[in-house]
Q: 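Below is one structure. I have some questions about it.
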Protein chains: 2
Amino acid sequence: MPGHDIPSQAWTWDKPFQLECGGTLPSLRIAFETWGKLDSRGENAVVVLHALSGSSHAFSSDWSSQGGWWEGLIGDGSPLDPRKHFIICSNLLGGCYGTTGPSSMDPGTGAPYAANFPQVTTGDMIEAQRLLLQSLGVQRGLTLIGGSLGGMLALQWATRHPAEVRNSIALVAPGRSGPQAIALRSVQREAILSDPDWNTGDCYTGRFPARGLALARKIGMITYRSADEFEERFKREQRDPRPHFLEGQFEVQSYLDHQGRKFSDRFDPNSYLYFSRAMDLYDLSKDHASLQDAFGALEARVLLLAVNSDFLVRPVEMLEAHEALLNAGKRSRFELLRSVHGHDAFLIELPQIREHLSRFLPDE
Amino acid sequence: MPGHDIPSQAWTWDKPFQLECGGTLPSLRIAFETWGKLDSRGENAVVVLHALSGSSHAFSSDWSSQGGWWEGLIGDGSPLDPRKHFIICSNLLGGCYGTTGPSSMDPGTGAPYAANFPQVTTGDMIEAQRLLLQSLGVQRGLTLIGGSLGGMLALQWATRHPAEVRNSIALVAPGRSGPQAIALRSVQREAILSDPDWNTGDCYTGRFPARGLALARKIGMITYRSADEFEERFKREQRDPRPHFLEGQFEVQSYLDHQGRKFSDRFDPNSYLYFSRAMDLYDLSKDHASLQDAFGALEARVLLLAVNSDFLVRPVEMLEAHEALLNAGKRSRFELLRSVHGHDAFLIELPQIREHLSRFLPDE
């Protein structure tokens, strides 16, 4: 079973956890890692929020010296500095790297929840992390930072719990998911659901929908990158020049195959389905007259980092959030990263991101 | 078995037909429709070239009064006028609407070719149509017009057989397929190939990969439309508001489901695979030092119509062809259609297209 292999701490909440859309989890387990120490005022916490495929391992840590998914963004002298900040990253609720999710045991049946896991939302992911933070003595002055799904969480958290959040930094994340992103994610989910080995989610013992999960990842990868990057990297190079569709292969296909295989070796198809749907459901303007109205109570300073070549979350969608924030009288800053890497630039363009963070984060 | 149900004429070539990448078809059958009459000089022919999912039925005709896929672009007073032009549209080689393709009987086995059909190329599609035109007495002064795959054919034909083509009109078609388009098509093919009911292509008698073909179509549809169009049409409207990924559905998903179902009721998954791969293989600069060099012998006047919101064939890719043509000293005109409909604008923005055709086509 992929996942679960990231060394981390684990924290347990032994009371029922009520979910936003109904359903209750009898308890929670949250895998997390920390860097630095909480200061005496308890106000130097930075919460790093991962994206769909991430884990608590944002950076190398006491638990693993292996590089994390945001390695290079933290360190002495970096805007995220363990000498100054208490940095926390936890695996999100519904995930497959140590936190309660579809692979967890359902005490009612003694078997993994699989597709019987209740649908979690971005709101649930936030509330679960707030419990963890409470246990760590962190309750205010938060700096939140994340990309993609993580960026959605950073914005939603600041909107739901204004008093807790001092800075909210969202990379490649809109104020609500639009129909094209929903469409693109829905076909990825269907690739998994169509795999006979998905087996209604019962993929923890025998059959595993590796092919469906890999196909979902491939579709995803195309939306995370850009046409210009593919042109630069692959052009029309062929891996196998035979003409027939069953035999020939362009280099870009070989790259996607590799990405798909690598991913299906490490990720839980059910976590993918739950996270993907949670992103579709994400809409800060829900239950509000408008996005501007939704931001009404927000207190945090907000930094929105879009990417010029991002096709999945177009800069115009982040500008919509930015304008709603400004119209609501909030402190929002919008910056455009110049990159050929599309959506994934949030994982790649670290010098640019560091620069924006340095300018945005007050030197406390 | 979907396909084959478009009333049309059929023409048969009873000699072997040699394919570009090797392999021979023992004979050819080409389904086609015509509008208007060939003039005495034999130089008023307009060849309409269909896209991946098309057929010979571009317009209502003597064979069927039902509207065609380009209905509204032909007619008395239109730039494509049966009173002036002899208009021909044939189902492309490899297709499923009456022309020889993977569903045809392999005389060697007495069963449909299925995936044993040789890989056809855009070049083969052109040569097959040239035989048909010859039989109709049409050999020069051609006006070629098509969108997407059809536009590729219009450009390649004018490049390969310069003396035959007077006007080449390509909508949403580049000079070569780029790696992102290849990537997007390859995941569509994989959706079909992953369906257990594809059954190595043997889907003419019992099992039929309806789900895989529908998924391929859905992925395709997202690339044929645009984020802005989806935003306008669907916003975040929900068809089924239940939260769980197995139950809830946004309107955009319902739309894609409908498109997928409709398509898998009418199309041959194998034709899809062959056409899709043929589009990947399309590269006018192949065997040339450059695209400019490839256009060296071209004589036709060229009109390139791109769409500002096209994500699959970005305007910049058509500009590349346009500049190569100009640098080769050719008569090329590039126009940008303004549309929210993305790639599919070539099927939708008929008034704009008519206007460009009127300006481009000399009043003979």
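What you see is a predicted model, and the numbers here were worked out from it, not measured in a lab. Chain letters run A, B, ... following the sequence lines, proteins first, then strands; residues in each count from 1. All heavy atoms count here, side chains included; hydrogens, waters and symmetry mates do not.
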Q: Heavy-atom pairs under 4.5 Å with chain A: which of T223(B), V120(B), D228(B) has the most?
A: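 Ranked by heavy-atom pairs under 4.5 Å with chain A, first place is D228(B).
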Q: Check whether P243(A) gets within reach of chain B through its side chain, its backbone, both or neither, counting any heavy atom under 4.5 Å.
A: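 Both the backbone and the side chain of P243(A) come within 4.5 Å of chain B.
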Q: Which heavy-atom pair separates A183(A) from V252(B) by the least distance, and what is that distance?
A: CB-CG2, 4.0 Å
Q: Which residue out of K218(A), R225(A), R211(A), E317(A) racks up the most heavy-atom pairs below 4.5 Å with chain B?
A: R211(A)
Q: Locate the shortest heavy-atom distance separating R277(A) from G248(B); write the atom from each residue and the value.
A: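 Where R277(A) meets G248(B) most closely, the heavy atoms are NH2-CA, 3.3 Å.
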Q: Given heavy-atom pairs under 4.5 angstrom as the criterion, report whether the side chain, backbone, both or neither of D280(B) touches chain A.
A: both
Q: If you take all heavy atoms of L281(A) and R236(B), which pair is closest and at what distance?
A: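 Smallest heavy-atom distance, with atoms named: O-NH2, 3.3 Å.
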Q: Give the member of C21(B), G260(B), S194(B) that has the highest number of heavy-atom pairs under 4.5 Å with chain A.
A: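 Greatest number of close heavy-atom pairs with chain A: S194(B).
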Q: Do E190(B) and I219(A) pass the side-chain contact (heavy atoms from CB on, under 4.5 Å) test, and can you show the C-alpha distance, the side-chain angles, and the key distance before you say yes or no?
A: CA-CA 10 Å; E190(B) 191 170 330; I219(A) 301 169; over 6 Å; no
Q: Are the side chains of T200(B) and L246(A) in contact, using a 4.5 Å heavy-atom criterion?
A: no
Q: At a heavy-atom distance under 4.5 Å, which candidate from R314(B), E251(B), Q238(B), R189(B) has the highest pair count against chain A?
A: R314(B)
Q: Let me know if Q249(B) has heavy atoms under 4.5 Å from chain A in its side chain, its backbone, both or neither.
A: backbone
Q: On a heavy-atom basis, which atom in H244(A) and which in Q119(B) lie closest, and how many Å separate them?
A: CA-CB, 3.6 Å
Q: Strictly distance-based, threshold 3.5 Å: is any side-chain N or O of Q180(B) a donor or acceptor partner for the main-chain N or O of E231(A)?
A: no
Q: With chain A as the partner, which of A181(B), G178(B), A115(B), G22(B) has the greatest number of non-hydrogen pairs under 4.5 Å?
A: A115(B)
Q: Begin with the C-alpha distance, continue with both residues' side-chain angles, and end with the deciding distance and a verdict on side-chain contact (heavy atoms from CB on, under 4.5 Å) for V187(A) and M221(B).
A: CA-CA 11 Å; V187(A) 292; M221(B) 283 305 298; over 6 Å; no
Q: Using non-hydrogen atoms only, which part of F117(B) is less than 4.5 Å away from chain A: side chain, backbone, both, or neither?
A: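 F117(B) touches chain A through backbone heavy atoms alone.
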Q: Please flag which part of L256(B) lies under 4.5 Å from any non-hydrogen atom of chain A: side chain, backbone, both or neither.
A: side chain
Q: Under a 4.0 Å N-O cut-off, is there an ion pair linking K235(B) with D283(A)?
A: no
Q: Take atom CZ of R239(A) as the centre, draw a 6.0 Å sphere, and report whether it contains more than 12 heavy atoms from other residues, nucleotides or ligands.
A: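 Counting neighbours around CZ of R239(A), 12 or fewer heavy atoms of other residues, nucleotides or ligands fall under 6.0 Å, so no.
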Q: Describe, in one word, how the ring planes of W198(A) and F245(B) are oriented to each other, choosing from parallel (under 30°), tilted (30 to 60°) and perpendicular (over 60°).
A: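 Geometry flag for F245(B) against W198(A): perpendicular rings.
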Q: With a 4.5 angstrom heavy-atom cut-off, is it the side chain or the backbone of T121(A) that approaches chain B, or both, or neither?
A: neither
Q: Output the option from S177(A), A191(A), P118(A) having the highest count of non-hydrogen pairs under 4.5 Å with chain B.
A: S177(A)
Q: Sort R233(B) into side chain, backbone, both or neither according to what part of it lies under 4.5 angstrom from a heavy atom of chain A.
A: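 Interface part for R233(B): neither.
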